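Just below is one structure, and these are the notes that go with it.
Keep in mind that what you see is a predicted model, and the values were worked out from it rather than measured. Along the sequence shown, residues carry numbers from 1.
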Amino acid sequence: MAFAYSALDFLTKPIDPVFLQKAVQKAQQRVKPEQYLKQIDLFMELIRSPDHKNTRLAVHLAGGIVEFITIDHILYLEADKATTTFILQDQTSLKSNRNLGQYDFLLQTHHNFFSISNSLLVNLNYIKRYDHREKAVTLTNGTVLYASRRGGQDLRHYMANQAVKPELDKNTILAFLKKLVL
């Protein structure tokens with residue numbers, strides 16, 4: 001999981017010394033020392049506290065540049081063939097040279113993102129309104145995105161299920177269980 005946040009390269013076990021040497025050479029050529037150190041710090045942060053949900057994401061830009069962004073600042077991601085554009089809450093955008101699939105699983109599984117089409121991944125924290133007839137998703141900043149037929153159905157189902165689920169924290173559950181026992 002940590003590699004998905006700050007991957008320099010991927011190696012499989014058992015580690016082949018030749019592939020390891022090539023990966024190190026590739027990293028030395030593509031990544032500036034300060035970027036490399038930031039990626040190592042991010043990786044070590046994840047290793048030290050596996051229960052901790054990381055708040056930053058390494059976005060790989062053209063020219064071997066890696067920019068670290070706060071995940072909560074992402075409004076949505078939009079795919080364009082082999083690249084992904086990140087739209088941030090301050091209306092800036094970053095164009096990653098990685099495809100949307102590189103970020104999709106990580107953000108949907110470990111953060112509050114939802115795929116409304118094959119090319120759009122939306123931060124659920126910024127959805128203001130969803131019009132199912134039009135498949136229109138309005139974000140808090142006024143941006144309107146359009147879901148695919150399947151994405152719209154999935155979003156509607158997700159929102160309906162979220163509305164009926166009460167927020168349960170540890171103390172609420174313990175109080176309920178104590179009442180059952182007593």
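No donor-acceptor pair under 3.5 Å is formed between the side chain of Ser96 and the backbone N or O of Thr84. Without hydrogens or angle criteria, Asp154 side chain to His157 main chain gives no donor-acceptor distance under 3.5 Å. Checked by atom type and distance alone, the side chain of Tyr130 pairs as donor or acceptor with a backbone atom of Gly152 at under 3.5 Å.
In terms of hydrophobic clustering, with Ile, Leu, Val, Met, Phe, Trp and Tyr side chains grouped at heavy-atom distances under 4.5 Å, Leu155 and Val144 are assigned to different clusters. A continuous path of hydrophobic side-chain contacts links Tyr158 to Tyr76 [ILVMFWY only; heavy atoms under 4.5 Å]. Tyr146 and Leu124 are assigned to two separate hydrophobic clusters, defined by single-linkage of ILVMFWY side chains at heavy-atom distances under 4.5 Å. Under the 4.5 Å side-chain contact rule for hydrophobic residues, Leu88 and Leu121 share a cluster.
In this structure the side chain of Ile127 never reaches within 4.5 angstrom of the side chain of Phe114, judged on heavy atoms. Using a 4.5 Å heavy-atom threshold, the side chains of Leu139 and Val122 count as touching. Within the 4.5 Å cutoff, the side chain of Val137 has no heavy atoms near those of the Leu120 side chain. With a 4.5 Å cut-off on side-chain heavy atoms, Asn123 and Leu75 do not count as touching. Side-chain contact between Leu77 and Phe113 is present, with heavy atoms from C-beta onward closer than 4.5 Å. Between Gln91 and Asn141 there is a side-chain heavy-atom pair separated by less than 4.5 Å. Using a 4.5 Å heavy-atom threshold, the side chains of Thr140 and Gln89 count as separate.
Considering every non-hydrogen atom in both Ile87 and Ser93, the closest pair reads CD1-CB, 3.7 Å.
Expressed to the nearest 0.5 Å, how far OG1 of Thr83 lies from NE2 of His60 amounts to 14.5 Å. Note: His110 NE2 to Ile71 CD1 = 10.0 Å, rounded to the nearest 0.5 Å. Here OG of Ser148 is found 9.0 Å from NZ of Lys135. Values are rounded to the nearest 0.5 Å. Atom CG of residue Leu61 and atom CD of residue Glu67 lie 6.0 Å apart, to the nearest 0.5 angstrom. Considering CD1 of Ile74 and CG of Asn112, their distance stands at 12.0 Å, rounded to 0.5 Å. Between the CG atom in Leu57 and the NE2 atom in His111 there is a gap of 7.5 Å [rounded to 0.5 Å].
A centroid separation of less than 6.0 Å is found between the aromatic rings of Tyr103 and Phe86.
Annotation: Asp131, atom CG; neighbour count of heavy atoms from other residues, nucleotides and ligands within 6.0 Å is above 12. Sparse packing is recorded around CD of Glu134, with 12 or fewer heavy atoms of other residues, nucleotides or ligands lying under 6.0 Å away.
A donor-acceptor pair shorter than 3.5 Å cannot be found between the side chains of Asp72 and Thr70.
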